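Following: one structure in structure tokens, then a few remarks.
Nothing fancy with the numbering, it's 1 onward along the sequence. Being a predicted model, the structure only gives us computed values, none of them experimental.
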Amino acid sequence: MIKYEKFTLENGLKVLVHIDKSSPLVAVNLLYDVGARDEDSSRTGFAHLFEHLMFGGSQNIPDYDKVIQQIGGSNNAFTTNDITNYYLTLPSSNLETAFWLESDRMNQLEFSIKSLDVQRNVVMEEFKQRYLNQPYGDAMLLLRPMAYKKHPYLWATIGKEMKHIEEAKLQDVEDFFYKHYGPQNCVLSVVGNVDDNEVKRLAEKWFGDIPDRKGYVRDLQKEDKQSEERTIEVEKDVPADSLYMSFHMAKKGSDSYYSTDLISDVLSRGGSSRFNQELIKTQKVFGNIDAYVSGSIDPGMFIISGTLLPGIKMEAAESAVWHELEKVTSELIQSRELQKLKNKIESTTVFEEIGGLNKAMNLAQFELLGDANGINTEVEKYNRVTAEDIKKAAKTVFRRENSSTLRYYAKK
């Protein structure tokens with residue numbers, strides 16, 4: 001059981017504190033409720049651009065990283081379609097420095113053409129290296145708009161196309177900041193050798209005067225229920241043919257989410273998983289194959305991706321995958337197989353929560369989903385899943401008319 005204290009400042013900033021005396025370090029996590037889904041369809045990639053811009057200097061601190069290094073800390077950030085998360089670890093004696101740094105850049109970034117140009121170039125290079133010039137790097141750029149037609153999950157975090165970042169104006173950037181990066185849109189979590197009252201005092205001191213920037217109301221287009229099988233084929237300069245399949249599934253936190261997530265473990269978690277045993281070792285269809293869920297706040301995707309072995313036809317590989325999916329929809333999983341997967345989830349969760357940073361991240365994310373105490377009940381939700389629940393979820397998800405398939409061929 002992870003115990004925590006929670007309070008909310010008048011400007012809307014939610015603060016969570018978990019005391020852990022076992023480490024001299026403290027983890028500070030700021031989760032902003034903004035991701036790629038909150039972007040305008042003609043200005044995509046902005047949430048990810050801001051992940052970089054937030055390190056480009058603020059009103060009173062021109063070099064964020066330099067200060068962190070001087071006090072023996074480390075920091076980083078990541079962006080998804082749903083959230084932007086900034087985190088740092090540092091000696092607990094320097095906790096106030098973290099509050100100073102984070103409050104200053106929440107209050108006002110140092111907007112300049114120079115900073116925008118620097119970070120714009122960094123993001124554009126990342127777009128090229130990770131998505132355009134890397135084998136299969138554009139797979140999700142192709143799969144998402146096939147699966148989604150209305151909801152902004154149809155574009156990846158990096159954005160629809162480079163020109164949206166290339167053409168970004170300084171005013172566009174400022175508008176995005178003041179729309180999304182206020183205290184009312186943030187969860188601050190602190191984990192480590194700290195005192196509740198001291199954290200509250202520091203939160204009030206450094207964040208209390210930042211104005212509430214209410215105004216943005218999330219109103220995203222709902223995705224229509226998919227009613228036909230979708231497929232596209234591409235041929236590119238890659239080492240081998242690959243298969244990508246996507247199915248619509250429930251949002252994170254819903255009852256059927258846990259059943260569907262367990263199905264991904266049934267199929268591809270570990271050496272004894274069904275895909276590994278049947279499609280890699282026995283049938284020798286794939287060199288590698290994986291199944292995973294997007295874990296999205298809105299209804300997300302169940303994704304299967306695999307690289308075919310030489311000589312295997314795409315039709316045969318696709319048929320082999322469907323055969324395994326149909327077994328999950330028609331047969332009850334054995335209790336021993338299901339219990340083994342639940343045990344893995346529990347052990348992974350326990351090990352993950354040894355580290356203060358993971359606890360800080362998870363507390364913030366569960367709070368964003370509606371209840372920070374979800375950190376203490378998540379394993380139980382998986383444990384409640386029955387074989388019947390898994391079969392029911394499989395029947396709902398693994399339907400031809402719910403599928404989007406990308407056949408990715410290597411140039412001959």
inquiry  = Under 3.5 Å, is there a donor on one side chain and an acceptor on the other for Asp138 and Tyr408?
reply    = yes
ask   = Is there a donor-acceptor pair closer than 3.5 Å between any side-chain N or O of Lys14 and the backbone N or O of Leu368?
value = no
query = Is any side-chain heavy atom of Val187 less than 4.5 Å from a side-chain heavy atom of Leu30?
reply = no
query = Does the cation-pi check pass for Arg37 over Tyr153, that is, NZ or CZ under 6.0 Å from the six-membered ring centre and within 45° of its axis?
reply = no
ask   = Can you check whether Phe286 and Phe275 have ring centres sitting under 6.0 Å from each other?
value = no
message = Between Ser319 (side chain only) and Ala316 (backbone N and O only), is there a donor and an acceptor less than 3.5 Å apart?
response = no
ask   = Do Phe50 and Tyr32 have their ring centres less than 6.0 Å from each other?
value = no
ask   = Checking Lys200 against Phe7: charged group under 6.0 Å from the ring centre and within 45 degrees of the axis?
value = yes
message = Any salt bridge linking Arg130 with Glu126? Criterion: basic side-chain nitrogen under 4.0 Å from a carboxylate oxygen.
response = yes
key: Exercise: do Thr348 and Arg269 side chains pair donor with acceptor under 3.5 Å   = yes
ask   = Does a donor on one side chain and an acceptor on the other come within less than 3.5 Å for Asp65 and Gln69?
value = no
task = Consider only side-chain N and O atoms of Asn402 and Arg230, and report whether a donor and an acceptor are under 3.5 Å apart.
result = no
Donor-acceptor side-chain pairing of Lys21 and Asn193 below 3.5 angstrom = yes
request  = Could you tell me whether the side chains of Asn76 and Tyr86 share a donor-acceptor contact shorter than 3.5 Å?
outcome  = no
query = Can a donor-acceptor pair be found between the side chains of Glu401 and Gln226 at a distance below 3.5 Å?
reply = no
message = Quick one about Asn185 and Tyr216 (side-chain donor to acceptor, distance below 3.5 Å, no hydrogens or angles considered), yes or no?
response = no
message = Tell me whether the rings of Trp322 and Phe247 are parallel (<30°), tilted (30 to 60°) or perpendicular (>60°).
response = perpendicular
ask   = Without hydrogens or angle criteria, can the side chains of Tyr181 and Gln108 be said to hold a donor-acceptor pair below 3.5 Å?
value = no
task = State plainly whether the residues Lys281 and Glu278 are in salt-bridge range, i.e. N to O under 4.0 Å.
result = no
message = For a quick check under 3.5 Å, do Ser259 and Asp389 share a side-chain donor-acceptor pair by atom type?
response = no
note = Shortest non-hydrogen pair, Tyr136 vs Ser242, comes out as CE2-OG, 3.3 Å
key: His164-Phe46 aromatic ring centre distance below 6.0 Å   = no
ask   = Does the side chain of Trp206 pick up a donor-acceptor pair with the side chain of Glu102 at under 3.5 Å?
value = no
message = Taking the side chain as everything from C-beta on, heavy atoms only, tell me whether Phe176 gets closer than 4.5 Å to Val34.
response = yes
